[in-house]
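In what follows, a single structure is set out as structure tokens and then discussed.
Labels below follow one simple rule: chain letters A, B, ... track the order of the sequence lines, proteins then strands, and each chain is numbered from 1. Because the structure is predicted, anything quoted here is derived from the model rather than measured. Atoms considered below: every heavy atom in the structure, side chains included; atoms not considered: hydrogens, waters and symmetry mates.
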Amino acid sequence: MDNDFFDRVYDICRRIPQGRVTTYGAIARAAGAPRGARMVGWAMNKSGSITPAVPAHRVLNRNGMLSGKHAFATPRTMQQLLEAEGIEVKDDRVTDFEKLFWDPMKLSEF
DNA sequence: ACTTTGACTATAA
DNA sequence: GTTATAGCCAAAG
């Protein structure tokens, strides 16, 4: 694949089912950069400038916390989007995060 | 070209 | 349990 790491990240993010969430580490690992979790976040930040836009609100940190809420239109946007998908958010953290966690590699199934 | 920062993660105290 | 520090890699200043 000639796609850049960022493009691969975007592709994975678009594959996240609605009502599910994943972590930067999982995406980075699926993209071939297990140590590039921060780059995933950087790519997400750029997601507002790409097309089609990716559901960055479904990407959380390893703790299931809404680490990137401040990058949206308003810090509240991310939580609202998650709640709109049936995800319960409490104190900037997704409840039952482990239950809603979606592994991109599990779907790709090498 | 060099320094600083960042939507992270893991380990140590 | 939380807080601090280090490792990581790429983009922005």
Taking only heavy atoms on the protein side, list every residue of residues 76-100 of chain A lying under 4.0 Å from any atom of DNA chain B, sorted numerically. none
Taking A:D103 for its side chain and A:M105 for its backbone only, find out whether a donor-acceptor pair lies under 3.5 Å. yes
Using a heavy-atom cut-off of 4.0 Å across all strands, would you classify A:A43 as base, sugar-phosphate, or nothing? nothing
Take A:T22 and A:I27 through the test side-chain contact (heavy atoms from CB on, under 4.5 Å) and record every step on the way to the result. CA-CA 7 Å; A:T22 190; A:I27 295 172; 3.6 Å; yes
Which pairs of donor and acceptor atoms, one on a side chain in residues 30-54 of chain A, lie under 3.5 Å apart (sequence neighbours left out)?
{"residue": "A:S47", "atom": "OG", "partner": "A:M44", "partner atom": "O", "Å": "2.3"}

Please list, pair by pair, any protein nitrogen or oxygen found under 3.5 Å from a nitrogen or oxygen in nucleotides 6-9 of chain C.
{"residue": "C:dG7", "atom": "O6", "partner": "A:R38", "partner atom": "NH1", "Å": "3.1"}
{"residue": "C:dG7", "atom": "N1", "partner": "A:R38", "partner atom": "NH1", "Å": "3.4"}
{"residue": "C:dC8", "atom": "O2", "partner": "A:R38", "partner atom": "NH1", "Å": "2.9"}
{"residue": "C:dC8", "atom": "N3", "partner": "A:R38", "partner atom": "NH1", "Å": "3.0"}

Under 4.0 Å from any heavy atom of chain A: name the first and the last nucleotide of DNA chain B that qualifies, 5' to 3'. B:dG6 to B:dA10
Mind running side-chain contact (heavy atoms from CB on, under 4.5 Å) on A:H57 and A:T77 for me, showing each step along the way? CA-CA 8 Å; A:H57 59 272; A:T77 307; over 6 Å; no
Assign each of A:R62 and A:G41 to its nearest nucleotide of DNA chain B by heavy atoms, then name whichever residue's nucleotide is nearer the 5' end. A:G41
Do the side chain of A:D96 and the main chain of A:K99 share a donor and acceptor less than 3.5 angstrom apart? no
Quick note, salt bridge (Lys or Arg N to Asp or Glu O under 4.0 Å) partners involving residues 76-89 of chain A, not counting sequence neighbours, are A:R58-A:E85
Does A:N61 use its side chain to pair, donor to acceptor, with the backbone of A:N63 at less than 3.5 Å? yes
Residue A:R20 excluded, over 12 heavy atoms near CZ under 6.0 Å: yes
Apply the hydrophobic cluster definition, ILVMFWY joined by side-chain contacts under 4.5 Å directly or through others, and give me every member besides A:M78. A:V21, A:L60, A:L66, A:F72, A:L81, A:L82, A:I87, A:V89, A:V94, A:F97, A:L100, A:F101
At 4.0 Å (heavy atoms only), tell me whether A:N45 reaches a base, stays on the sugar-phosphate, or touches nothing. base
